Number of protein chains: 2
Amino acid sequence: MPVQKKSRIVKARLRQSSPAATRRERVQSKEDAIIAAAHKSLVARGFAKTTMSQIARNAGVAEGTLYLYFSNKNALARAVVAAFYYRLTETAKTGVAKCATTRQKLEFLARHHLENIIGERRLLELIASDVRNTQAYEGSDIYKMNREYVAVFDDVMRDGVWRGEIEDGAAQWIKRDIFFGSLEYAMRTLLMKKRSNKKDIAAVVAELVKLIIGGSSARAKPVSDRDLIKAVERVDAAASRLERLSAVKM
Amino acid sequence: MPVQKKSRIVKARLRQSSPAATRRERVQSKEDAIIAAAHKSLVARGFAKTTMSQIARNAGVAEGTLYLYFSNKNALARAVVAAFYYRLTETAKTGVAKCATTRQKLEFLARHHLENIIGERRLLELIASDVRNTQAYEGSDIYKMNREYVAVFDDVMRDGVWRGEIEDGAAQWIKRDIFFGSLEYAMRTLLMKKRSNKKDIAAVVAELVKLIIGGSSARAKPVSDRDLIKAVERVDAAASRLERLSAVKM
DNA sequence: ATATATGATGAATATCACTCAGTGGTTAAA
DNA sequence: TTTAACCACTGAGTGATATTCATCATATAT
């Protein structure tokens, strides 16, 4: 059968001409395609309304193939969420690095989080409803990625305390809950308002940061000698850091 | 088929001996039974894992009967959530009425909310994932019941401002989001901790109320000190910028 | 007593997640 | 080159589940 044979050769050529050359690469790119297709459907329609056949069609594979890469629909959804967390963490880190003060960092983080969860709100449902309840959440991929993400916030807060820009008040996990919880709830409210816009986002961010920063230090008495001393220490520390850097350069 | 007939007669006798006499009452009590059965399964297993046949069996009706009372599984779940909100609102109102100060009212509301959503956390998933997204949420039963529930909080806040026990800071809806959002997120954290207990709940409640009440009044301060702090911030920020520049150069 | 309306039923249908027996193409050994 | 073993893939088939509908039972009205 020369015809069949020819078609096979053509197929092989086509595949070789495509960027993914090695077997491993091909498998990897297929996994990426599946995750991308799943992500698209999940964001557009939510978990319940995305079907595996939809995903398979969009990814250009057979339905059965999905199960070679992910044990079931939940696992696939989890992979999508993990990828989302990864992106979120990266952009959060680079954004924070560009901010000078703790206040600016927190404002950036809040706006960043809010804007992203508004865009991909359907993924949040997954985290809340499916992932956190089922089986051993701790130790799962999502758990780890979530830890890494909130660590960005934790670092900013720790640093802020060290710098003296926020007071060392309640337990860290409580502050964290207040920060992210408020934002997620605000997201719902914003989505319900017909014309929710940047002004509203800015208002939520401002108020939340005010609470987290100002709320803690509101307990302190009017600025006094202790505060002055602390301020001087901070200037001193900053100077020392500069000196160290200069020394290295020379 | 005498056997069939007999069983039907027995059923009928049993039914007649039950208290509900009129047609309307019988229908009502059947609806209640269905909602109760659905509630039980939803709380125990979550939306995805409760089946209509399960509910029908527990309610003592045929599967088709469910669809005489609720157009589909979602509508049934919504009815369950509405009933939950109703109960929640009632107990919240009576509880608040017993408190003297705004602080006490807020503490009660926070604890009450947290304890209840921990107990029926699976219903919360429904609200977030299924109900709020689908169709016209506004105008729905759930929307109305949710409004009534949060109105309890709003009233307490308004009253607190009027009494002068809290300052009139940010927009009401933002405070509301911070209050309920923090609690819902805290719930997840508490559920993940192995031995989450009353101490943790108390800590969250205390910190949140502190923020809501105390945070707003943080603005009034001597000017000169603030200027001083600002100046130090600027020095510190400048130092950070220098550090980053040096790092890049090297 | 009969007719009508109301309520209830569960077998049948459609849709979906998931499985599995089989195909084809690739690599390595003979 | 030929052969064999392996790997990635396929899609028709299976079972579970929400929803429908033709039919029956009971209560109410005439």
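Numbered from 1 within each chain, the chains take letters A, B, ... in sequence-line order. No experiment lies behind these values; they were computed from the predicted model shown. Note: hydrogens, waters and symmetry copies are ignored here, and every other heavy atom, side chains too, is used.
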* Quick one: label A/Tyr69 by what it contacts on the DNA or RNA (base, sugar-phosphate, nothing), any heavy atom closer than 4.0 Å. => sugar-phosphate

* Between atom CG in A/Asn72 and atom P in D/dA16, what is the gap in whole Å? -> 17 Å

* Asked: Atom CD of B/Glu25 and atom P of C/dT6: how far apart are they, to the nearest Å?
  -> 18 Å

* Asked: When the distance from CG of A/Leu76 to P of C/dC16 is rounded to whole Å, what number comes out?
  -> 16 Å

* **Sugar-phosphate, base or nothing in reach of A/Thr65, heavy atoms under 4.0 Å** => base

* Enclosure of B/Arg147 CZ (heavy-atom neighbours >12, cutoff 6.0 Å) -> no

* How many angstroms lie between CE in B/Met187 and CG in B/Leu183, if you round to the nearest 0.5 Å? -> 10.0 Å

* Select base, sugar-phosphate, or nothing to describe what A/Ser71 touches, counting heavy atoms under 4.0 Å on all strands. => nothing

* Mind calculating the distance between CG (B/Asn74) and P (D/dA18) to the nearest angstrom? => 11 Å

* Would you say the side-chain atoms of A/Thr189 and B/Asp177 include a donor-acceptor pair closer than 3.5 Å? -> yes

* Which listed nucleotide (C/dC18, D/dT19, D/dT28) is nearest to the side chain of B/Arg26? -> D/dT28

* With respect to the side chain of A/Val61, which nucleotide from D/dT10, D/dA18, C/dC18 is positioned closest? -> D/dT10

* **Nearest listed nucleotide, side chain of A/Ala62, among C/dA17, D/dA18, D/dG11** => D/dG11

* Using a cut-off of less than 4.0 Å, is there contact between a side-chain N or O of B/Lys30 and OP1 or OP2 of C/dA8? -> yes

* Distance, rounded to the nearest Å, where B/Tyr67 contributes OH and D/dT23 contributes C1' -> 19 Å

* Asked: Roughly how many Å is it from NZ in B/Lys49 to P in C/dA17, rounded to a whole number?
  -> 16 Å

* Asked: What is the distance from CZ of B/Arg57 to C1' of D/dA18, rounded to the nearest Å?
  -> 15 Å

* Pick out which of B/Phe84, B/Tyr86, B/Phe180 makes a side-chain contact (heavy atoms from CB on, under 4.5 Å) with B/Tyr149. => B/Phe180

* A/Lys210 bridged to A/Glu207 by N-O distance under 4.0 Å -> yes

* **Atom pair distance, as rounded to whole Å: CG in A/Leu68 and C1' in D/dT10** => 9 Å

